[in-house]
Amino acid sequence: MRSNELEVLINWGDTDKAGIVYYPNFFKWFDIAGHQFFRSCNLAPAKLEEERGIIVPLLDVQCTFEKSLLYDDLITIHTKVEEINRKTIKLRHVIYRDGVRCAQGYELRGWVEKSPEGIKAVVIPEAVKAILNENIETKADKNRPRFNA
């Protein structure tokens with residue numbers, strides 16, 4: 001299935017009093033990586049909403065913390081489609097520092113139609129499933145600045 005990698009440089013403000021990354025930042029990075037993943041396969045959330053009336057809200061998230069991360073660490077977030085159901089997409093995120101896994105988890109996102117009447121989950125089109133099922137791995141452009149979220 002499709003995957004994407006991006007790099008994030010950890011800010012001082014991402015750390016707690018002990019100098020270790022404060023746990024909510026992992027979820028922020030998962031969100032950034034998820035949005036970047038969708039952009040990498042031409043399914044940018046802003047474009048989906050504008051052109052198709054589709055939003056991809058977060059339904060569930062989980063993270064397992066394995067190794068501490070610190071200020072100025074450069075991390076790589078590997079995001080891969082783990083599962084596609086009728087109305088949901090599960091993205092697996094793995095965070096590495098210097099090739100060592102430091103955290104892993106997932107986001108479960110809905111495929112939701114937004115209309116004047118409200119929002120409702122709808123079936124993911126086969127064309128979108130085909131894109132997500134492609135065996136393509138994209139990486140951040142090394143000539144562009146790293147994410148510094």
Side chains of [X] and [Y], heavy atoms from C-beta outward: is any pair under 4.5 Å?
X	Y	answer
I131	R2	yes
I95	F26	yes
D14	W29	yes
W111	P125	yes

Same hydrophobic cluster for [X] and [Y], using side-chain heavy-atom links shorter than 4.5 Å among ILVMFWY?
X	Y	answer
V8	F37	no
V122	V128	yes
I119	I89	no
L69	F27	yes
I77	L58	yes

Where is the tightest heavy-atom contact between [X] and [Y], given as atom of each residue plus distance?
X	Y	answer
W12	T15	O-OG1, 2.7 Å
L43	L132	CD1-CD2, 4.2 Å
L91	G34	CD1-CA, 3.9 Å
M1	I84	SD-CD1, 4.3 Å
E113	I54	CA-CD1, 4.0 Å

Would you say the side chains of [X] and [Y] form a donor-acceptor pair under 3.5 Å?
X	Y	answer
N85	E83	yes
T79	N4	no
Y23	D16	no
Q62	T64	yes

Carboxylate-amine/guanidinium proximity below 4.0 Å for K47 and E50: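 So K47 does not pair with E50 through a salt bridge.
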Would you indicate whether K90, at its atom NZ, is surrounded by more than 12 heavy atoms from other residues, nucleotides or ligands within a distance under 6.0 Å?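 Buried by this count: over 12 neighbours within 6.0 Å.
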In this structure, are over 12 heavy atoms from other groups packed under 6.0 Å from K80 atom NZ?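 No.
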Q104 and side-chain hydrogen bond (donor to acceptor under 3.5 Å, both in side chains): which partner among H93, H78, E66?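 In the set H93, H78, E66, the residue that makes a side-chain hydrogen bond (donor to acceptor under 3.5 Å, both in side chains) with Q104 is E66.
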What's the spacing between [X] [atom1] and [Y] [atom2] if we round to 0.5 Å?
X	Y	atom1	atom2	answer
T88	L108	OG1	CG	5.0 Å
S3	E82	OG	CD	13.0 Å
N25	N11	CG	CG	8.5 Å
S40	E5	OG	CD	11.0 Å
L48	I55	CG	CD1	10.5 Å

Hey, is the main chain of [Y] close enough, under 3.5 Å, to the side chain of [X] for a donor-acceptor pair?
X	Y	answer
R97	K67	no
R109	V56	yes
R86	I124	no
D73	I10	no

How far apart are the C-alpha atoms of V61 and D31, what are their side-chain angles, what is the distance that settles it, and do they pass the side chain to side chain contact (heavy atoms under 4.5 Å, CB included) test? CA-CA 10 Å; V61 65; D31 188 61; over 6 Å; no
